[in-house]
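Down below is the structure, laid out as structure tokens.
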Amino acid sequence: MLIDALNIWGTNVVIFALWFWTTDRGGAALRGHPSAREPDFLFPQMTLPQQDAAAPFVPGFVDYLFLAFTNATAFSPTDTLPLTPRAKLLMMAEALISLLAVALVAARAVNILA
């Protein structure tokens, strides 16, 4: 049961990391392009003063994986903030799925012990 719950939770993290990665600023192909849309997420590195204006911070997949992991673990944004309604709804959905997975495993465990 715990292995299945871990699989569900891990799949949740990976799927939402991919979803965040493919939706932010129009996707991975457009993210570093000058004509990219406004960001959906505000990463901490984006708030630092730019040392080199020619090379602004461009988040990679690991940044989105970390975002999905912390959101699924804390059930809230930690250091990366959602800026658009789409990003907020995605983060809400991920937190809700994680919370439901934990609640169902806890309920099942209590049912087995009772």
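Keep in mind the model is a prediction, meaning the values are calculated, not measured.
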Atom pair [atom1] ([X]) and [atom2] ([Y]), whose distance is rounded to the nearest 0.5 Å:
{"X": "Ile8", "Y": "Ile3", "atom1": "CD1", "atom2": "CD1", "answer": "12.0 Å"}
{"X": "Leu89", "Y": "Leu96", "atom1": "CG", "atom2": "CG", "answer": "12.0 Å"}
{"X": "Asp63", "Y": "Thr80", "atom1": "CG", "atom2": "OG1", "answer": "7.5 Å"}
{"X": "Asn12", "Y": "Leu6", "atom1": "CG", "atom2": "CG", "answer": "12.0 Å"}

Is there a side-chain contact between [X] and [Y] in this structure, where contact means two heavy atoms from C-beta onward sitting under 4.5 Å apart?
{"X": "Met91", "Y": "Phe16", "answer": "no"}
{"X": "Pro39", "Y": "Asp24", "answer": "yes"}
{"X": "Leu65", "Y": "Val13", "answer": "yes"}
{"X": "Phe41", "Y": "Leu67", "answer": "yes"}

Please answer whether the main-chain N or O of Ala95 pairs with a side-chain N or O of Ser98 as donor and acceptor at a distance below 3.5 Å. no
Same apolar cluster: [X] and [Y], side chain cutoff 4.5 Å:
{"X": "Val14", "Y": "Phe69", "answer": "yes"}
{"X": "Tyr64", "Y": "Leu18", "answer": "yes"}
{"X": "Leu90", "Y": "Leu83", "answer": "yes"}
{"X": "Phe43", "Y": "Phe66", "answer": "no"}
{"X": "Phe61", "Y": "Phe20", "answer": "yes"}

How close do [X] and [Y] get, heavy atom to heavy atom, and via which atoms?
{"X": "Glu94", "Y": "Ala72", "result": "OE2-CB, 3.6 Å"}
{"X": "Ala68", "Y": "Ala17", "result": "CB-N, 3.7 Å"}
{"X": "Thr23", "Y": "Asp40", "result": "O-OD2, 3.1 Å"}

Look at atom CH2 of Trp9 and say whether more than 12 heavy atoms of other residues, nucleotides or ligands are closer to it than 6.0 Å. yes
